[in-house]
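Presented below is the structure to which this report refers.
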Amino acid sequence: MKTINKYMLLAVVLLTSLTACREQFEDVDAVSFDVTTESVVCKVGQPVQFLFQGNPDMITFYSGEMGNEYAYKNQDRIAPSRMGYQFTTQVKAGVGAKPNPSAIPLSYSTDFSGEYTMEAVQAATWIDISDRFAWASDHRAPNPTVFSELADITDLFPDEKTPVYFNYHFYCKGMETDPSCRSQWLISSPCFYGITDTKSVELYDIVDAGWKAVLNEETYANDASHAKGITFINTSRLMFSSDYRPAGDREMWFVSGPIFKMDNVNSGPDFGLPIKGIANPAMASYSYAYSEPGEYTVTFVAANVNVYDRKERVVELKVKIVEDEGTITPPEQEEWN
């Protein structure tokens, strides 16, 4: 019995010691931090110098610009947007140096019926917008994958209620007519975006856009690859394909579902820029240059942290950014009098 009491007493002592030790390390020091500036008025492109007092574990910076405002730290931002589109292309299967790019134009229509048949596709009015994008070419490298930059397509939408359809058209000539024609094109990661002043928000990915393959069945009637059940569309790419060096012409289309214009998108909350972490040395200052004139609320969030606790101090300053108009013009003589 005495031995049991002895071990119980030891356990109590150890538990008390561990509890006291944990409480000692759970608490973090209060944050001592302040910020001043050399000047609250600066020119566009001229770095604003922020001077620090204190040495917190972490510092996060919010410039006050659109997309980087502390006021939107925990609040979604509904922002005006433009419509954008991008994709990548690759040509394969066939003789190089002649990838027939003119046979894969990208077009749009506002009068397509929505019926995915060859007759309906051919009856619609399609306007070619291929020149807005970069395309794969054998002149770059063997079978290159070419990324097309995000293109603004806002002007294609008459209004928010009118659907716009997009269409890739594949036409591969038969071996007897043109034996060098490419017989496979990959359109990867096609995606429609809402473009705001600070970011691009995904609106329709390849699945949401509802792409459908429409074949000229007559040209594919004797196509062996098609007979094998080739998958023209999956969750990452659209693939125009036929027999390698086909005996006859091959024709098909990829037509999107209805795409609607969005004038506003939810770009989510704003995020600050971490400028100091726990492992970094103390910072005496930080500089930042603005590209646009205006009045900005600058916010620094300083924090001391450990696995148990976090303490913060938020410091805000106002800065005014003006156009760089050169030197100040002195007043006329009579004004001095």
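These values consider heavy atoms only, across backbone and side chains, with no hydrogens, waters or symmetry-generated copies. What you see is a predicted model; the values in this text were computed from it and never measured.
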Discussion item. Determine whether a donor-acceptor pair (N or O, by modelled atom type, separation under 3.5 Å) exists between the side chain of Tyr193 and the backbone of Ala151.
Written reply: no
Discussion item. I'd like to know whether Val214 forms a side chain to side chain contact (heavy atoms under 4.5 Å, CB included) with Thr117, so could you lay out the CA-CA distance, the side-chain angles of the two residues, the decisive distance to 0.1 Å, and finally the verdict.
Written reply: CA-CA 6 Å; Val214 179; Thr117 64; 5.5 Å; no
Practice prompt. Take atom CG of Asn222 as the centre, draw a 6.0 Å sphere, and report whether it contains more than 12 heavy atoms from other residues, nucleotides or ligands.
Written response: no
Worksheet item: Does the side chain of Asp111 pick up a donor-acceptor pair with the side chain of Thr125 at under 3.5 Å?
Response: yes
Worksheet item: How long is the gap from CD on Gln53 to OG on Ser285, to the nearest 0.5 Å?
Response: 12.5 Å
Worksheet entry | Side chains of Val314 and Tyr70 in contact at under 4.5 Å (non-hydrogen atoms) | yes
Fill in: Spacing of CG belonging to Asp309 relative to CG belonging to Asp29, to within rounding of 0.5 Å
10.0 Å
Discussion item. Same cluster or not: Met58 versus Val315, using hydrophobic residues (I, L, V, M, F, W, Y) connected whenever any side-chain heavy atoms lie under 4.5 Å apart?
Written reply: no
Worksheet entry | Evaluation steps, side chain to side chain donor-acceptor pair (under 3.5 Å), between Ser63 and Asn68 | CA-CA 6 Å; Ser63 67; Asn68 192 220; 3.0 Å; yes
Worksheet item: Can you name the salt bridge (Lys or Arg N to Asp or Glu O under 4.0 Å) partners of Asp128, sequence neighbours left out?
Response: none
Item to complete: Show the numbers, then the answer: is there a side chain to side chain contact (heavy atoms under 4.5 Å, CB included) between Val48 and Ile321?
Response: CA-CA 9 Å; Val48 182; Ile321 307 300; 4.0 Å; yes
Worksheet entry | Flag side-chain contact, heavy atom, 4.5 Å: Val301 against Ile59 | no
Fill in: Ile127 side chain near Ser107 side chain, heavy-atom distance below 4.5 Å
no
Practice prompt. Flag yes if Phe112 and Leu106 sit in one hydrophobic cluster, no otherwise; membership is Ile, Leu, Val, Met, Phe, Trp, Tyr, and two members link when side-chain heavy atoms are under 4.5 Å apart.
Written response: no
Practice prompt. Indicate, with yes or no, if Ile153 and Val265 share a hydrophobic cluster defined by side-chain heavy-atom contacts under 4.5 Å among Ile, Leu, Val, Met, Phe, Trp and Tyr.
Written response: yes
Item to complete: Apply salt bridge (charged side-chain N to carboxylate O under 4.0 Å, His left out) to the pair Arg132 and Asp155, showing each step before the final yes or no.
Response: CA-CA 12 Å; Arg132 300 191 183 199; Asp155 59 300; 2.7 Å; yes
Discussion item. So, using salt bridge (Lys or Arg N to Asp or Glu O under 4.0 Å) as the criterion, who are the partners of Lys276 when residues are at least two apart?
Written reply: none
Practice prompt. Tell me whether Val298 is reachable from Tyr288 by hopping between hydrophobic residues (I, L, V, M, F, W, Y) whose side-chain heavy atoms are closer than 4.5 Å.
Written response: yes
Discussion item. For the backbone of Met262 and the side chain of Ser81, can you confirm whether one donor and one acceptor N or O come within less than 3.5 Å of each other?
Written reply: yes
Worksheet item: Considering only heavy atoms from C-beta outward, does the side chain of Met83 approach that of Ile259 to under 4.5 Å?
Response: yes
Discussion item. As an exercise, state the distance from CD1 of Ile206 to CG of Asn234, rounded to the nearest 0.5 Å.
Written reply: 6.5 Å
Worksheet item: Of the options Gln75, Arg77, Lys73, which is the one that meets Asp270 in a side chain to side chain donor-acceptor pair (under 3.5 Å)?
Response: Arg77
Worksheet item: What closest approach, in Å, do Asp76 and Pro269 show between heavy atoms, and which atom pair accounts for it?
Response: OD1-CD, 3.3 Å
Worksheet entry | Rounded distance (nearest 0.5 Å) linking atom CD1 of Ile187 with atom OG1 of Thr88 | 8.0 Å
Discussion item. Checking Tyr108 now: which residues fulfil side-chain hydrogen bond (donor to acceptor under 3.5 Å, both in side chains) with it, not counting sequence neighbours?
Written reply: none
Discussion item. Run the ring pair (Phe, Tyr, Trp, His ring centres under 6.0 Å) test on Tyr165 and Trp126 for me, step by step, so that the C-alpha distance in whole Å, both residues' side-chain angles and the decisive distance to 0.1 Å come before the verdict.
Written reply: CA-CA 9 Å; Tyr165 295 84; Trp126 298 98; 7.4 Å; no
Fill in: Minimum-distance pair of heavy atoms, taken over all atoms of Ala134 and Ser148
N-OG, 3.3 Å
Worksheet item: Could you go step by step and tell me if Val121 and Val255 meet the side chain to side chain contact (heavy atoms under 4.5 Å, CB included) rule?
Response: CA-CA 8 Å; Val121 172; Val255 185; 4.0 Å; yes
Item to complete: Mind checking the OG-CG spacing from Ser256 to Asn167? Nearest 0.5 Å is all I need.
Response: 8.5 Å
Worksheet entry | Met252 side chain reached by Met118 side chain, heavy atoms, under 4.5 Å | no
Discussion item. So, applying side chain to side chain donor-acceptor pair (under 3.5 Å) with Asn216, which one of Arg250, Glu251, Gln122 is it?
Written reply: Glu251
Discussion item. Could you check whether any side-chain heavy atom of Val35 comes within less than 4.5 Å of a side-chain heavy atom of Leu317, counting everything from C-beta outward?
Written reply: yes
Worksheet item: Which heavy-atom pair separates Asn306 from Asp27 by the least distance, and what is that distance?
Response: ND2-O, 4.0 Å
Item to complete: Describe, in one word, how the ring planes of Phe300 and Tyr286 are oriented to each other, choosing from parallel (under 30°), tilted (30 to 60°) and perpendicular (over 60°).
Response: perpendicular
Worksheet item: Are the side chain of Asn304 and the backbone of Asp57 linked by a donor-acceptor contact shorter than 3.5 Å?
Response: yes
Item to complete: Show your reasoning for whether side chain to side chain contact (heavy atoms under 4.5 Å, CB included) applies to Ile195 and Leu150.
Response: CA-CA 9 Å; Ile195 308 171; Leu150 182 62; 3.8 Å; yes
Worksheet entry | Interatomic spacing from CZ in Phe192 to CD in Gln86 - rounded to 0.5 Å | 11.0 Å
Worksheet item: Any chance CD of Glu292 has more than 12 other-residue heavy atoms, nucleotides or ligands included, within less than 6.0 Å?
Response: no
Worksheet item: Taking atom types as modelled and ignoring hydrogens, do the side chains of Thr297 and Lys318 form a donor-acceptor contact shorter than 3.5 angstrom?
Response: yes
Discussion item. Are Phe147 and Val91 connected into the same hydrophobic cluster when the rule is that any two of I, L, V, M, F, W, Y join if their side-chain heavy atoms are below 4.5 Å apart?
Written reply: no
Fill in: Pro163 versus Pro258, closest heavy-atom pair with distance
CB-CB, 3.6 Å
Worksheet item: What are the two closest heavy atoms between Cys42 and Pro47, and how far apart are they?
Response: SG-O, 4.4 Å
Worksheet item: Do Tyr290 and Lys43 come within less than 4.5 Å of each other through their side chains, counting heavy atoms only?
Response: no
Worksheet entry | Residue pair Phe50 / Ser287, side-chain heavy-atom distance below 4.5 Å | no
Practice prompt. Identify, with sequence neighbours excluded, every residue that meets salt bridge (Lys or Arg N to Asp or Glu O under 4.0 Å) alongside Asp152.
Written response: Arg82
Discussion item. So for atom CD, which belongs to Glu316, do other residues, nucleotides or ligands contribute more than 12 heavy atoms lying within a distance under 6.0 Å?
Written reply: yes
Practice prompt. Compare every heavy atom of Ile129 with every heavy atom of Leu156, then report the nearest pair and how far apart it is.
Written response: CD1-CD1, 3.8 Å
Worksheet item: Under the side-chain hydrogen bond (donor to acceptor under 3.5 Å, both in side chains) test, which residues partner Asp197, sequence neighbours left out?
Response: none
Discussion item. Closer than 3.5 angstrom, by distance alone: can the side chain of Arg313 be matched with the main-chain N or O of Asp34 as a donor-acceptor pair?
Written reply: no
Worksheet item: With sequence neighbours left out, which residue pairs that include part of residues 254-285 fulfil the ring pair (Phe, Tyr, Trp, His ring centres under 6.0 Å) condition?
Response: Phe240-Phe254
Worksheet item: Of Tyr168, Phe166, Phe87, which meets ring-ring contact (aromatic ring centres under 6.0 Å, His included) against Trp211?
Response: Tyr168
